[in-house]
Amino acid sequence: MEQPDDGIIIEQVRPETTWQLRRDVLYPGMMKHEMELAEDPDGIHFGAYRDDKLAGVVSLFQQERSFQFRKLAVDAAVQHQGVGSALMNFIISYAATNGGHLLWCNARTNATVFYLKFGFTHSGRLFSRNNIGYEIMEKPLTPVSDR
């Protein structure tokens, strides 16, 4: 458990803990049970809590020295209050501490500006899924063990 700032506590959670926020924020027209990813059992899932209420979630998947994060979602009631930034800083540190050389995501095109603030770069690899535009964004990491 880590408390980065602003009373936000980040801790590892079970995959199903992420499903409600995934649905509410990212896919409001879908059913909660549809939020389960086939890869969820292989991931590490984090919840950000503020005032003992789940405020944000993110799922992290490792393949060798590369980490992909997926389904970053922050409760609409607390967006723009540092929850997403706390989760981003947490997973950047987590990936580097665990030997990661690269952190990447399929960013919704309307969210790329947010990721640029954390040192992610545009890859130019664009695609669309379910009428949502995405771009792969990447951040090179210096693993803690390499420092």
Side-chain angles (χ1 to χ4, degrees), residues 1-63 66-123 126-144:
M1 182 165 46
E2 182 171 315
Q3 186 167 352
D5 53 35
D6 296 330
I8 299 167
I9 296 171
I10 297 174
E11 60 186 33
Q12 188 172 347
V13 297
R14 296 184 49 80
E16 56 271 18
T17 303
T18 69
W19 298 347
Q20 186 72 49
L21 267 181
R22 281 182 188 176
R23 199 283 315 258
D24 293 350
V25 176
L26 302 173
Y27 308 100
M30 296 178 75
M31 301 296 290
K32 181 178 169 180
H33 72 273
E34 295 177 283
M35 297 301 100
E36 181 176 6
L37 300 172
E39 303 85 4
D40 272 347
D42 301 320
I44 305 162
H45 310 274
F46 298 102
Y49 292 84
R50 177 180 273 160
D51 300 324
D52 296 320
K53 182 176 186 277
L54 185 63
V57 296
V58 67
S59 298
L60 194 60
F61 301 88
Q62 182 177 4
Q63 247 186 348
S66 175
F67 286 80
Q68 177 190 19
F69 69 92
R70 298 176 68 183
K71 311 300 183 196
L72 174 65
V74 174
D75 186 324
V78 294
Q79 287 181 2
H80 308 290
Q81 296 179 28
V83 175
S85 294
L87 280 167
M88 286 303 305
N89 287 325
F90 182 87
I91 63 170
I92 290 166
S93 175
Y94 182 95
T97 300
N98 286 279
H101 282 259
L102 180 72
L103 181 62
W104 66 281
C105 69
N106 295 328
R108 289 185 179 203
T109 53
N110 65 354
T112 58
V113 170
F114 175 75
Y115 299 116
L116 291 171
K117 294 179 198 176
F118 295 92
F120 284 80
T121 58
H122 293 285
S123 70
L126 303 166
F127 64 96
S128 179
R129 185 180 302 141
N130 300 322
N131 296 316
I132 299 171
Y134 294 90
E135 179 177 9
I136 296 172
M137 296 190 74
E138 303 172 329
K139 177 180 178 63
L141 301 173
T142 302
V144 171

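Each residue takes its place number in the sequence, starting with 1. Computed from a predicted structure; not experimentally measured. Computed over heavy atoms, backbone and side chain alike; hydrogens, waters and symmetry mates excluded.
- A distance of 12.5 Å separates CZ in F46 from CG in L72, rounded to the nearest 0.5 Å.
- Contact annotation: the side chain of V74 never approaches that of V25 to less than 4.5 Å [non-hydrogen atoms, C-beta and beyond].
- Listed by chain and number, the residues in a salt bridge (charged side-chain N to carboxylate O under 4.0 Å, His left out) with K117 amount to none (sequence neighbours excluded).
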Show the numbers, then the answer: is there a side-chain contact (heavy atoms from CB on, under 4.5 Å) between F120 and T112?
CA-CA 9 Å; F120 284 80; T112 58; over 6 Å; no
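- For L54, the side-chain contact (heavy atoms from CB on, under 4.5 Å) test picks out T17, L21, Y49, V57, with sequence neighbours left out.
- Residues meeting the side-chain contact (heavy atoms from CB on, under 4.5 Å) test with R23, sequence neighbours left out: Q20, M35.
- Note that the CG atom of N106 and the CG atom of L126 stand 11.0 Å from one another [nearest 0.5 Å].
- Nearest approach of A96 to L141, heavy atoms of both residues: N-CD1, 4.0 Å.
- Looking at residues two or more places apart in sequence or on another chain, you find a side-chain contact (heavy atoms from CB on, under 4.5 Å) between L37 and R22, E39, D40, F61, R70, K71.
- Looking at residues two or more places apart in sequence or on another chain, you find no salt bridge (charged side-chain N to carboxylate O under 4.0 Å, His left out) involving R129.
- For the atom pair OG1 of T18 and CD of E36, the computed distance is 9.5 Å after rounding to the nearest 0.5 Å.
- Applying the side chain to side chain donor-acceptor pair (under 3.5 Å) test to residues at least two apart or on different chains, the pairs with a partner in residues 77-86 are R50-Q81.
- Residue A95 comes nearest to L103 through the heavy atom pair CB-CD1, 4.5 Å, listed as atom of the first residue, atom of the second, then distance.
- Residues passing the ring-ring contact (aromatic ring centres under 6.0 Å, His included) test with Y27: none are found, sequence neighbours excluded.
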Determine, step by step, whether F69 and M88 satisfy the side-chain contact (heavy atoms from CB on, under 4.5 Å) criterion, reporting the C-alpha distance in whole Å, the side-chain angles of both residues, the deciding distance to 0.1 Å, and the verdict.
CA-CA 9 Å; F69 69 92; M88 286 303 305; 3.8 Å; yes
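- Between F114 atom CZ and R108 atom CZ the span is 14.0 Å, to the nearest 0.5 Å.
- Distance check, rounded to the nearest 0.5 Å: CD1 of I8 to CG of D51 gives 10.0 Å.
- The side-chain contact (heavy atoms from CB on, under 4.5 Å) check on N98 picks up F67, Y94, with sequence neighbours excluded.
- Annotation: salt bridge (charged side-chain N to carboxylate O under 4.0 Å, His left out) contacts of E135 (sequence neighbours excluded): none.
- A search for salt bridge (charged side-chain N to carboxylate O under 4.0 Å, His left out) contacts involving E16 returns R14, not counting sequence neighbours.
- Taken to the nearest 0.5 Å, the CH2 atom of W104 stands 13.0 Å off from the CE atom of M137.
- Evaluation of the side chain to side chain donor-acceptor pair (under 3.5 Å) rule for T121 yields no partner, not counting sequence neighbours.
- Residues in residues 75-103 take part in these salt bridge (Lys or Arg N to Asp or Glu O under 4.0 Å) pairs, two or more places apart or across chains: K53-D75.
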